[in-house]
There are 2 protein chains.
Amino acid sequence: MEAGHKPLVAVDVAALSVWERRLWAVVVPRRAEPFRGRWGLPGGFIRMHESLDRAAERILTTETGLGDVFLEQLYSFGAAGRDPRARVISVAYYALVDWNQLQKSKAMGQTEVMRLHVPWAGEAGGAVELRAADGARLPTAFDHAEILGMAVKRIRGKLNYAPIGFQLLQKKFTLRQLQEIHETILNRKLNKDSFRRRMLSSGLLKATGRREADVDHRPGELYGFVRRSAI
Amino acid sequence: MEAGHKPLVAVDVAALSVWERRLWAVVVPRRAEPFRGRWGLPGGFIRMHESLDRAAERILTTETGLGDVFLEQLYSFGAAGRDPRARVISVAYYALVDWNQLQKSKAMGQTEVMRLHVPWAGEAGGAVELRAADGARLPTAFDHAEILGMAVKRIRGKLNYAPIGFQLLQKKFTLRQLQEIHETILNRKLNKDSFRRRMLSSGLLKATGRREADVDHRPGELYGFVRRSAI
DNA sequence: AAAATAGTGTCTATGAGACACTATAGT
DNA sequence: ACTATAGTGTCTCATAGACACTATTTT
């Protein structure tokens, strides 16, 4: 059991949100080398006495101001040359954040929210692209485009059996809003009738009796999620 | 970006097999403290210039003699006190090994193959137990019972959409053998007719035209898997 | 012949998709 | 009235489970 030299252990967090039928990610412009001028994920090194989960929470909160969100371990990245300065093993996490909460927390950090473009279908996987408001592709740092891609792949798969769509919405939402979230994540249209049936029969939604307001059409009923889970 | 002290990074491999309708795991008796006399997973520290995947392959091969098997990253474990000697982050992998290959490689290592008892149903998750031949429960080292449990949970989930059952069989096998593998992993009976239809319509099996031998009943047709994947 | 499993055919239950229809909000 | 979406009812199609039956091997 000899250790040789020790790599550094970092935790990077891919925080995703959905807005206007698009996927968005929280990123940080790099002001120092390496990858200066490129965009990276919020990340940091683990402390000696904190767990991986705690490190992910701490890093997300201090870098973005976000707290009390869905946060789950994603994958560990350890290619030898992924950081040109030193050997760094990164344990990646992903977070799902509702858009309104994200806007409120934005004042805190040096982070920006950029649009994700997913150049593959289904769960094929691979790197994704960051796009600026004008549609220009933004350069990414390290292997963070792969990490973001794996986060998208993960939530696409998870949507088939877990109710993670709720994590991207406020506490009360209509079935149409929830369907829009699912369609955005999967990047395909879903059948309305089937979606309603599936959601209502899952037992995870409870009707509030209230309806949405300020829409220029018949308002839908507002539902709540039975339990709002965090790590 | 200051690193503080560096934790050690280890890779542990949960190598699983199926035989006689039971799950088995490759474990190593610990001859030194901590956890002397208990049973642990094959593991080791990562080298400075090797990737995580390569480290998992190396550790599996040197400790167990196993090569060319299905090997995939599972989860990273980083609780602060999981190793009483030092801060160790362990990136866990799981491997699926066909029983005959496992018996052949056994001569090589100091490893043993022990039966797994899974005390939870479905994909509830949690630690599993190691059992000796006489049914006695064996004590485990570190958090390795949790790692093994997560490996079982993972393959149970994966069985719903991926053909990993093949990895636990020799190149040619009958549908009954494959169904037995699935039933052992899931710990429940499956419908024969439906299982046949699902497997045959998946397009992943090709009939060989040959039949099994040395069985005391009508022999089933032997099938092969379209591609034998490794990492 | 008996035992055991292989393999096929068919019926039913379930769930998804398609489609049509009615209901209700804002403009 | 018009538009847009909410919400319901029903038909069809695909798939899983159940069951019955025939086929084929060893003992």
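Fair warning: this is a prediction, and the values are worked out from it, not measured in the lab. The sequence lines fix the lettering, A, B, ..., with proteins before strands; numbering per chain opens at 1.
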Ion pair check, B:Arg82 and B:Glu146, cut-off under 4.0 Å: no

Spacing between A:Asp193 atom CG and D:dT10 atom P, to the nearest angstrom: 14 Å

Distance, nearest 0.5 Å, that separates CG of B:Leu71 from CD of B:Glu57: 6.5 Å

Integer-rounded Å distance: D:dA18 C1' and B:Leu190 CG: 15 Å

Positional range of nucleotides in DNA chain C within the contact set of chain A, heavy-atom, under 4.0 Å: C:dA16 to C:dG26

First of B:Tyr223 and A:Asp214 reached from the 5' end of DNA chain C, by closest nucleotide: B:Tyr223

B:Leu41 and its side-chain contact (heavy atoms from CB on, under 4.5 Å) partner, picked from B:Val13, B:Ile147, B:Thr111: B:Ile147

Taking only nitrogen or oxygen atoms into account, show me every contact under 3.5 Å that the protein makes with nucleotides 25-27 of chain D, one pair per line with its distance.
from: D:dT25; atom 1: O2; to: B:Arg218; atom 2: N; distance (Å): 3.3

Charged N-O contact under 4.0 Å between A:Glu123 and A:Arg156: no

With B:Leu175, the side-chain contact (heavy atoms from CB on, under 4.5 Å) member among B:Glu180, B:Lys192, B:Met199, B:Glu221: B:Met199

Short side-chain to backbone donor-acceptor contact, A:Ser105 and A:Leu102, under 3.5 Å: yes

Atom pair CG (A:Asn160) and NE2 (A:His182), whose distance is rounded to the nearest 0.5 Å: 10.0 Å

Gap between atoms CZ and C1', on B:Arg176 and D:dT24 respectively (whole Å): 14 Å

Qualifying residue for side-chain contact (heavy atoms from CB on, under 4.5 Å) with B:Phe173, from B:Leu205, B:Asp98, B:Thr208: B:Leu205

Sugar-phosphate, base or nothing in reach of A:Arg197, heavy atoms under 4.0 Å: base

